[in-house]
Amino acid sequence: MAVEMDELQTLRHSASHILAQAVKRLFPEAKLTIGPPIDTGFYYDFDIRTPFSREDLDNLEKEMKKIVKENLKIERFELPRDEALELMKDEPYKQELINELPEGEPISFYKQGEFTDLCAGPHVRYTSKVKAFKLLSATGAYWRGDEHNKMLTRVYGTAFKTKDELAEHLEQLEEAKKRDHNKLGRELELFTTVDYIGQGLPIMLPKGARIIQLLQRWVEDEEQKRGWQLTKTPLMAKSDLYKISGHWGHYKDGMFILGDEEKDKEVFALRPMTCPFQYQAFLNRGRSYRDLPMRLNETSTLFRNEASGEMHGLIRVRQFTISEGHLMCTPEQLEDEFRGCLELTTYMLKTLGLLEDVTYRFSQWDPDNREKYIGTEEQWDEAQGKMKVILDDLGLDYKIGIGEAAFYGPKLDIQIKNVHGKEDTLITIQIDQMLAEQFGMEYVDRDGKKKNPYIIHRTSIGCYERTLALLIEKYAGAFPVWLAPVQVKFLPIADRHLDYTYDVKKKLEAAGVLRNEVDDRSEKLGFKLREAQLEKVPYMVVIGDTDIENGTVSVRSRKKGDLGSMPIDEFIKLIVNEVETKAL
């Protein structure tokens with residue numbers, strides 16, 4: 001399988017070169033940058049005066065087909081640095097890349113027909129090998145991902161070995177578009193964004209806000225059952241706090257600063273995380289080993305100055321709410337407490353139906369990038385060693401991510417992909433022995449000596465906005481009954497059925513099913529049914545003369561279709577059971 005994937009990546013890499021050749025033929029003024037293969041296909045970034053339109057992409061695709069038909073041989077060659085720079089004299093981005101290559105490293109190029117590109121390879125031997133491809137979109141991308149650099153035009157495409165595989169992939173992309181939370185969440189009126197409020201600052205509409213409230217109440221109740229104590233801490237603090245924690249030195253660029261250090265006596269910053277605030281609850285009085293473990297949780301609103309090019313719908317935003325917690329414990333308690341944190345997240349993910357979609361990454365420090373981290377090498381070795389023992393004891397299948405650790409400790413990142421295949425971190429559990437020392441957090445142990453506790457940083461469900469986005473995509477907006485913003489839609493056939501309808505509604509609410517609506521508009525039943533289906537309401541209850549006579553309701557399920565007529569109590573029992581069991 002690995003060999004097949006390597007072959008596919010090679011094919012896609014060659015497709016990116018064919019794209020670049022087509023661009024140079026049709027838009028000779030375009031400047032080349034980079035064009036790598038990626039998991040879902042390939043892209044190439046171009047510096048061009050006017051971004052490509054869909055019509056441009058169609059024309060480029062036609063030109064690519066011509067290049068494929070020409071069956072050009074793809075040949076590799078190397079040049080010394082001065083000759084390489086001369087060859088790329090009209091390509092400033094390529095010259096920049098050449099100048100950054102270490103002395104003595106081979107500078108290789110690939111040539112196909114009149115087109116030559118700086119590239120390490122590998123490639124297929126002839127352009128005719130690339131037969132099944134499609135250009136998907138053009139978007140903006142900063143050179144090297146840095147918002148301070150020039151905005152380029154990135155063309156995304158995909159390529160497969162066969163036309164059937166390509167057709168299957170394109171069908172999956174269409175399905176992904178239908179499930180995209182950015183599109184579906186707006187159509188279902190869950191959230192919106194407003195330009196003059198700002199990018200990455202979504203407005204949760206009543207239905208979306210209700211879902212987040214349901215999740216939040218569930219999480220807080222579940223955490224309380226497991227011995228977590230709730231705190232409520234400020235949304236901002238003086239720079240002094242962040243200097244103690246190390247965020248000022250290691251995370252300042254990602255924070256929203258209020259004030260100017262050179263001019264103002266006090267400078268504040270909106271909090272990017274809650275840990276240094278919650279530590280104050282531990283520091284409130286002297287502690288002994290009998291106080292540990294101390295589990296502190298908080299529903300925290302956080303602020304992070306994300307780059308504009310990184311933000312996407314609800315998945316990556318500048319203000320978000322997170323189920324955050326910090327746990328202080330002794331070394332002997334560390335493994336059991338870490339296990340408890342993981343069990344909590346597993347329960348949450350399983351209940352939401354997301355457990356099967358996640359992967360695990362053991363995020364470690366990069367000793368070659370020493371400035372990024374606090375603490376000694378010995379402390380990092382100890383913390384990572386302890387985490388490895390715990391993860392291996394748990395039998396967790398994980399990958400290692402070098403350089404992905406927090407600046408103060410290693411972490412287990414629970415990763416998940418959105419419908420477009422982009423991976424993000426949903427939940428983290430971190431081991432930290434650095435910050436307790438920085439804040440002077442100590443407890444008196446059984447031997448009478450003062451010691452620093454271990455700290456576990458964790459989320460139980462992650463960022464609520466990101467979780468909502470993933471749930472929208474997972475269920476295509478058709479949420480389970482317990483999470484649905486509207487659980488039941490009553491559809492009386494005529495005005496004479498309204499009194500009975502509202503009586504049934506009251507009985508349903510008395511049983512705890514509160515999120516239901518009556519559609520009392522003078523519209524045809526078929527129209528009202530179609531609207532309820534488009535809103536993805538789990539149950540539609542039609543009420544007519546026969547129902548009033550028999551004391552029944554006619555029930556239509558979003559999932560199972562027409563369930564027919566049933567006694568009111570039977571319907572209430574059915575839906576209450578789904579809510580209480582959190583059925584998916």
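Sequential numbering from 1 along the given sequence is applied to the chain's residues. Given the structure is predicted, the values throughout are model-derived calculations rather than measurements.
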For the residue pair [X] and [Y], establish whether any side-chain heavy-atom pair is separated by less than 4.5 Å.
X: L302; Y: T274; answer: yes
X: E306; Y: V317; answer: no
X: Y360; Y: D397; answer: no
X: L296; Y: L230; answer: no
X: N305; Y: R318; answer: yes
X: D381; Y: E377; answer: yes
X: I455; Y: I431; answer: no
X: L349; Y: I427; answer: yes

When the ring centroid of F362 is compared with that of Y398, is the distance short of 6.0 Å? yes
Sole candidate of Q438, Q430, H247 that passes side chain to side chain donor-acceptor pair (under 3.5 Å) when paired with Y408: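 Single pass found, and it is Q430.
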Could you pull out every donor-acceptor pair under 3.5 Å between side chains of residues 202-218 and any protein atom, sequence neighbours left out?
from : atom 1 : to   : atom 2 : distance (Å)
R210 : NH1    : Q213 : OE1    : 2.5

Do [X] side-chain atoms and [Y] backbone N/O form a donor-acceptor pair below 3.5 Å?
X: S16; Y: G35; result: yes
X: K372; Y: G403; result: yes
X: D56; Y: S53; result: yes
X: R271; Y: T301; result: yes
X: D264; Y: V267; result: no
X: E578; Y: W482; result: no
X: Q333; Y: T330; result: yes
X: E298; Y: T233; result: yes
X: E324; Y: T299; result: no
X: R154; Y: G140; result: no

Pi-cation contact, [Y] with [X] (under 6.0 Å, within 45°):
X: K150; Y: W143; value: no
X: R458; Y: W228; value: yes
X: R287; Y: Y443; value: no

Name all residues meeting the side-chain hydrogen bond (donor to acceptor under 3.5 Å, both in side chains) criterion together with [X]; count only those two or more places apart in sequence or in a different chain, and write none if there are none.
X: K350; answer: none
X: Y279; answer: H457
X: R530; answer: none

Test H312 against H181 for ring pair (Phe, Tyr, Trp, His ring centres under 6.0 Å), laying out the working first. CA-CA 10 Å; H312 172 62; H181 84 276; 5.3 Å; yes
What I want to find out is whether [X] reaches [Y] closely enough, with some N-O distance under 4.0 Å, to be called a salt bridge.
X: D424; Y: R316; value: yes
X: K183; Y: E187; value: yes
X: E223; Y: R226; value: no
X: E96; Y: R144; value: yes
X: K417; Y: E423; value: no
X: E473; Y: R179; value: no
X: K474; Y: D357; value: yes
X: R521; Y: E531; value: yes

Between the side chains of [X] and [Y], does any donor sit under 3.5 Å from an acceptor?
X: T359; Y: Q415; result: no
X: H148; Y: D146; result: yes
X: E437; Y: Q379; result: yes
X: S323; Y: S460; result: yes
X: D47; Y: Y93; result: yes

Any residue meeting ring-ring contact (aromatic ring centres under 6.0 Å, His included) with Y454, in chain and number order, not counting sequence neighbours: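 With sequence neighbours excluded, Y454 shows a ring-ring contact (aromatic ring centres under 6.0 Å, His included) to no residue whatsoever.
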Salt bridge (Lys or Arg N to Asp or Glu O under 4.0 Å) evaluation trace for R361 with D413: CA-CA 5 Å; R361 183 180 72 197; D413 286 324; 2.8 Å; yes
Dump the intermediate steps for salt bridge (Lys or Arg N to Asp or Glu O under 4.0 Å) on E343 and R339, then the final yes or no. CA-CA 6 Å; E343 284 174 353; R339 185 190 299 270; 5.2 Å; no
Hey, what do you get for [atom1] ([X]) to [atom2] ([Y]), rounding to the nearest 0.5 Å?
X: L426; Y: I461; atom1: CG; atom2: CD1; value: 8.0 Å
X: F407; Y: N369; atom1: CZ; atom2: CG; value: 14.0 Å
X: Q280; Y: M441; atom1: CD; atom2: CE; value: 8.5 Å

Closest heavy-atom pair, R12 versus P37, reported as atoms and distance to 0.1 Å, is CB-CB, 4.0 Å
Which atom names give the shortest non-hydrogen contact between F439 and P276, and what distance separates them? CZ-CB, 3.6 Å
For R54, what residues pass the salt bridge (charged side-chain N to carboxylate O under 4.0 Å, His left out) criterion, not counting sequence neighbours?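 Partners of R54 by the salt bridge (charged side-chain N to carboxylate O under 4.0 Å, His left out) criterion, ordered by chain and then number, come out as D58.
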